[in-house]
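All remarks here apply to the structure that follows.
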Number of protein chains: 2
Amino acid sequence: MLSNRQIQILHAIVDNYIRNAEPIGSRTISKREDIGYSSATIRNEMADLEELGFLEQPHTSAGRIPSQKGYRFYVDHILQPKQLTKEEISRIKLLFAEKYYAFEQITQQTAAILSGLTNYTSIVLGHEVKENLLKHIQMIPLNSTTAVAIIVTNTGKVENKTIQVPEGVPISEIERLVNFLNSKLVGMPLLEVKHRIYQEISNELQKVFDNYQRLIEMLEQAFHSHPEELVFLKGTTNIMMQPEFRDVDKVKDILEFLDTNEQLLKHFSSPTLGVQVKIGAENKEDAINNCSIISATYHVDGNPLGTIGIIGPTRMEYGKVISIVDYISKDLTRLLGKIYKNEP
Amino acid sequence: MLSNRQIQILHAIVDNYIRNAEPIGSRTISKREDIGYSSATIRNEMADLEELGFLEQPHTSAGRIPSQKGYRFYVDHILQPKQLTKEEISRIKLLFAEKYYAFEQITQQTAAILSGLTNYTSIVLGHEVKENLLKHIQMIPLNSTTAVAIIVTNTGKVENKTIQVPEGVPISEIERLVNFLNSKLVGMPLLEVKHRIYQEISNELQKVFDNYQRLIEMLEQAFHSHPEELVFLKGTTNIMMQPEFRDVDKVKDILEFLDTNEQLLKHFSSPTLGVQVKIGAENKEDAINNCSIISATYHVDGNPLGTIGIIGPTRMEYGKVISIVDYISKDLTRLLGKIYKNEP
DNA sequence: TTTTAGCACTCGATAGATAGGAGTGCTAAC
DNA sequence: GTTAGCACTCCTATCTATCGAGTGCTAAAA
C-alpha cells in the first residue's frame with residue numbers, strides 16, 4: 001500500500017502533468033507549498049513510486065510522468081469529483097430545457113455540449129433500437145412502383161426506407177396490408193417482427209391477401225434492418241490541440257478509429273452503471289492506446305438506450321470530465337424519461 | 001499564348017509534381033523520353049513560365065512547382081479526361097445496382113465509393129428539401145403527451161419530429177386533424193406549408209376544430225424546420241496521407257472547415273452544370289486555400305437535389321477525379337430518376 | 001536565331017560538434 | 001528519517017561545415 005506521502009506526491013505529479021503536459025522533477029514538487037520535504041526526499045519517493053509502477057521516466061535526466069497504473073490509482077483513490085460551475089450547469093440546463101426535438105437533435109446537441117464543456121472529443125451513441133417495441137407501421141406510396149415504409153417505435157425512434165412496390169398491387173391493398181400488420185404486430189419487439197411475419201402470421205396473410213408472395217417480398221424490404229447510423233461525434237479536431245498529438249500519424253489512427261462505427265459500437269457494446277473510465281491500454285484497440293475514454297450509459301425506464309462519452313489523451317482532466325459526463329448522462333436520462341413515459 | 005513546347009513542359013511538370021509531390025528540376029524533364037531538349041533549354045522555358053505565373057519556385061536552388069494558375073491552365077487546356085478502368089466502373093455499377101435503400105444509405109454509399117476510388121475525402125450533400133412537395137403527413141401518438149410527426153415528400157425524403165401533444169386532445173381529434181391537413185396541403189412545396197397553415201386554412205381550421213389554439217401550437221412544432229443534417233463525409237483521414245498535410249495545424253483547419261456544415265453548405269450553395277473544379281485560393285475560405293474541390297450536382301427530373309464532391313490537395317489527380325465525379329454524379333442522377341419518377 | 005555546354009553561385013538539407021541545463025542517484029552528514 | 005552536495009546522464013538548442021540539387025548567365029555550337 002502507498003504511504004500518505006507517496007499518495008500526496010503522486011497526486012501532485014498527476015495534477016501537474018495534466019495541466020502542463022511536461023515531466024515533473026523533484027525540485028518542482030518540493031517547492032509546492034503543500035509539500036514540506038526537500039527535493040532529495042521527493043527523489044527517493046519518486047524512485048520508489050517508479051519501482052512500484054506508478055510513475056515513468058521518459059529518459060534518465062527527465063522528470064517523471066504518471067504511468068497508466070498511476071492514472072488508474074489517481075482515478076480510483078485520489079481524485080475527488082469536481083463540482084460543475086454554475087455556468088456549466090446553466091449551459092446544460094438551457095440545452096435540456098428545450099421543449100421539442102427530433103430525436104437526432106437531442107443526440108447531436110448532447111454531443112455538442114459534451115465537447116463544448118470539456119474541449120475533448122465527444123461520442124454519443126444513439127438508441128439501441130433492438131429492444132424497442134413496434135408502435136406503428138406506415139407505407140406511403142410515392143408513385144406506382146415506389147413507396148416509403150415508416151416504422152415507429154415506442155421510444156419515438158423513426159426508421160424509414162424506400163421500397164419497391166410490386167407491379168399490380170393497388171394502393172388500397174397496401175392500406176389493407178398496413179392495417180392488418182398494425183393490428184397484429186404493434187407492441188412487439190422490433191427484433192422479433194420479421195420472425196413473426198414469417199412464422200405466425202404468414203398463414204393468415206396468405207388467406208387474406210391475393211398477392212401473398214409479392215407482398216411478402218415488399219415486407220422483406222421494409223423490415224430489412226441495415227446497420228444503423230447511430231454514432232454522433234463532435235469536436236474531433238480538439239484532439240489535435242493536445243501537445244501529445246501533434247503527430248499526424250497518431251491523430252490519423254485515432255480519427256480512423258472514430259470514423260469506423262463498427263469499432264466504436266463494439267467498444268461501447270456493454271452498458272454500465274455509472275461513469276466508466278478506461279485509461280490508455282485498458283482500451284483494447286491499438287489506435288487509442290494513448291487515450292482515455294470516459295463514458296456513461298443513459299436509460300429510459302431502466303433500459304439502457306445508448307452511451308455518451310469523451311475521448312481524450314490519458315493526460316485528461318479526469319475530475320472535471322467525469323463530473324460532466326455523469327451529470328449530462330443523468331440529465332439526458334431524465335429528459336428522455338419525461339418525453340417517453342412508458343405508457344401503452 | 002503559350003508555345004507548344006511550353007505547354008509540353010508545363011504538362012510534364014504538373015504530371016510529375018502530382019505524382020511525386022516534389023519540385024522538378026530542368027534535368028529531370030530533359031531526361032524524359034518525350035522531350036528532346038537539353039536541360040539548359042528547359043531552364044530558359046521554365047524561367048519564362050515562371051515569369052508568366054504558371055510556375056513557382058519554393059526557393060532559389062529548388063526545382064519548380066505548378067502555381068495555381070498553372071494548375072488552372074492544366075485543367076482547362078492540357079488535361080485529357082482519364083477513362084475509368086473496368087474495375088472502377090464495375091464497383092460503381094455494383095453499388096448502384098442495389099435495389100432498395102433508405103435515402104441516407106444512398107448518399108452514404110455514394111460518399112464511400114467516391115473516397116474509396118479516389119483516396120481523397122468525399123463530400124456528399126443530401127437533398128435540398130426546400131423545393132420538395134409535401135406527399136403525406138402523419139402523426140403517431142406515443143403516449144398521452146407525446147407524438148411523432150412524420151412528413152414525407154414526393155422525393156421520398158422522410159422527416160420526423162417528436163412533438164408534445166396538448167393536454168386533453170384525444171387521439172381521434174389528432175387523426176381528424178391529420179386527415180384534414182393531408183386533404184388540404186398535399187402537393188404543396190414544403191417551404192410554403194407553414195405559411196399556408198397560418199394564412200389560408202387557419203379560418204377553416206378554426207371552424208372545424210375546437211382546440212384550435214392548441215392544435216396550431218402542435219403544428220408549429222411539427223413543421224418547425226431545423227437546419228438539417230445534410231452533409232456526408234467519408235475518408236476525412238485520407239487528407240493526412242498527403243505529404244503537404246503532414247502538419248497538424250493545417251489538417252486541423254481543413255477538418256474544422258469540413259466539420260462546420262454551414263460553411264460547407266455555403267460553399268456548395270449554387271448548383272452547376274457538369275463538373276466544377278475549384279483550385280486553391282479559388283476556394284474563398286482560408287482553411288482550404290491549399291486544397292482543390294471537384295464537384296458536380298445531381299438531379300431528379302432536372303431539379304438539382306444535391307452535390308457530390310472531392311476535396312484534396314491542389315496537387316490532385318485531376319484527370320482521374322474529374323472522370324469519377326462526373327461518372328458517379330450521372331449514375332446517381334440516373335438511379336434517383338429511376339426510383340422517384342415524377343408521378344402524381 | 002536557337003540550342004547547348006560550361007561554370008560560378010545560391011541555398012536548403014544533413015550531419016557533427018559543442019555547450020547548457022534539468023534532473024537523477026548516491027553518499028555522507030545532520 | 002531527512003537533506004545537502006556532487007558527479008553523472010542525456011536531452012535540447014545552437015552553431016558550423018559540408019554537400020548537392022538546381023539555377024542563371026555567358027559563350028560557343030548548330
Side-chain angles (χ1 to χ4, degrees), chain A residues 1-10 12-17 19-67 70 243-244 246-247, chain B residues 1-10 12-17 19-67 70 243-244 246-247:
Chain A
M1 211 39 237
L2 295 188
S3 71
N4 273 343
R5 194 167 69 188
Q6 283 175 322
I7 292 178
Q8 203 185 2
I9 290 171
L10 180 57
I13 291 177
V14 175
D15 273 357
N16 211 306
Y17 188 62
R19 222 186 334 273
N20 304 323
E22 271 167 22
I24 301 100
S26 52
R27 229 178 87 82
T28 314
I29 293 184
S30 82
K31 271 194 295 189
R32 279 176 60 135
E33 290 197 347
D34 57 333
I35 300 207
Y37 299 98
S38 74
S39 63
T41 310
I42 309 289
R43 267 204 294 286
N44 288 330
E45 294 285 28
M46 280 167 112
D48 289 350
L49 282 169
E50 184 172 359
E51 205 159 314
L52 291 166
F54 294 97
L55 295 180
E56 284 172 1
Q57 221 172 354
H59 53 86
T60 334
S61 68
R64 302 301 207 294
I65 61 174
S67 69
E244 50 265 75
R246 302 296 303 173
D247 176 28
Chain B
M1 212 40 237
L2 297 187
S3 71
N4 273 343
R5 194 166 68 187
Q6 284 174 322
I7 291 177
Q8 203 186 2
I9 290 171
L10 181 57
I13 291 176
V14 175
D15 272 358
N16 211 306
Y17 189 62
R19 222 186 334 272
N20 303 324
E22 272 167 20
I24 300 99
S26 52
R27 229 178 88 82
T28 314
I29 294 184
S30 82
K31 271 195 294 190
R32 280 176 60 135
E33 289 197 350
D34 56 335
I35 298 206
Y37 299 97
S38 75
S39 64
T41 309
I42 309 288
R43 266 202 297 285
N44 288 329
E45 294 285 26
M46 280 167 113
D48 289 349
L49 282 168
E50 184 172 0
E51 205 160 315
L52 290 166
F54 293 97
L55 295 180
E56 284 172 3
Q57 222 173 352
H59 53 85
T60 334
S61 68
R64 302 300 208 295
I65 62 173
S67 68
E244 50 265 73
R246 302 297 302 173
D247 176 27

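Letters A, B, ... are given to chains in the order of the sequence lines, protein chains preceding strands, and every chain is numbered from 1.
More than 12 heavy-atom neighbours from other residues, nucleotides or ligands sit within 6.0 angstrom of CD on Glu244(A). Shown here is Asp34(A), whose CG atom has more than 12 heavy atoms of other residues, nucleotides or ligands within 6.0 Å.
Taking atom CD of Glu45(B) as the reference point, atom P of dT23(D) lies 14 Å away to the nearest angstrom. Rounded to whole Å, atom P of dT24(C) lies 9 Å from atom CD1 of Ile13(A). Spacing between atom CG of Asn20(A) and atom P of dA22(C) amounts to 16 Å, rounded to whole angstrom units. The separation between Glu22(A) atom CD and dC11(D) atom C1' is 13 Å, rounded to whole Å. Summarising the geometry, the separation between CZ on Arg27(A) and P on dG21(C) is reported as 14 Å, rounded to the nearest angstrom. To the nearest angstrom, P of dT23(D) lies 16 Å from CD of Glu51(B). Between Asp48(B) atom CG and dT2(C) atom C1' there is a gap of 13 Å when expressed in whole angstrom units. Atom CG in Leu55(B) sits roughly 14 Å away from atom C1' in dG22(D) (whole-Å rounding).
Leu2(B) places a side-chain heavy atom less than 4.5 Å from the side chain of Leu49(B). Between Gln8(B) and Asn4(B) the shortest side-chain heavy-atom distance does not fall below 4.5 Å. Within the 4.5 Å cutoff, side-chain heavy atoms of Arg5(A) are placed close to those of Ile9(A).
Ser26(B) comes within 4.0 angstrom of sugar-phosphate atoms only, judged by non-hydrogen atoms across all strands, and of no base.
Contact between the side-chain N/O atoms of Thr41(B) and the OP1/OP2 oxygens of dT3(C) is not found at any separation under 4.0 Å.
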Practice problem: Please step through side-chain contact (heavy atoms from CB on, under 4.5 Å) for the pair Ile13(A) and Phe54(A), ending with a clear verdict. | Solution: CA-CA 10 Å; Ile13(A) 291 177; Phe54(A) 294 97; over 6 Å; no
Quiz item: Taking it one step at a time, do Ile29(A) and Met46(A) satisfy side-chain contact (heavy atoms from CB on, under 4.5 Å)?
Solution: CA-CA 11 Å; Ile29(A) 293 184; Met46(A) 280 167 112; 4.3 Å; yes
Quiz prompt | Working for side-chain contact (heavy atoms from CB on, under 4.5 Å), residues Leu10(A) and Gln6(A) | solution = CA-CA 6 Å; Leu10(A) 180 57; Gln6(A) 283 175 322; over 6 Å; no
What protein N or O atoms touch nucleotides 12-15 of chain C N or O atoms at under 3.5 angstrom, if any, and at what distances?
none

Exercise. Indicate for each nucleotide in nucleotides 24-30 of chain D, in 5' to 3' sequence, whether protein heavy atoms under 4.0 Å reach the base (B), only the sugar-phosphate (S), or nothing (-).
Key: BB-----
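Ser67(B) places a side-chain N or O within 3.5 Å of a backbone atom of Gly53(B) that can act as its donor or acceptor partner.
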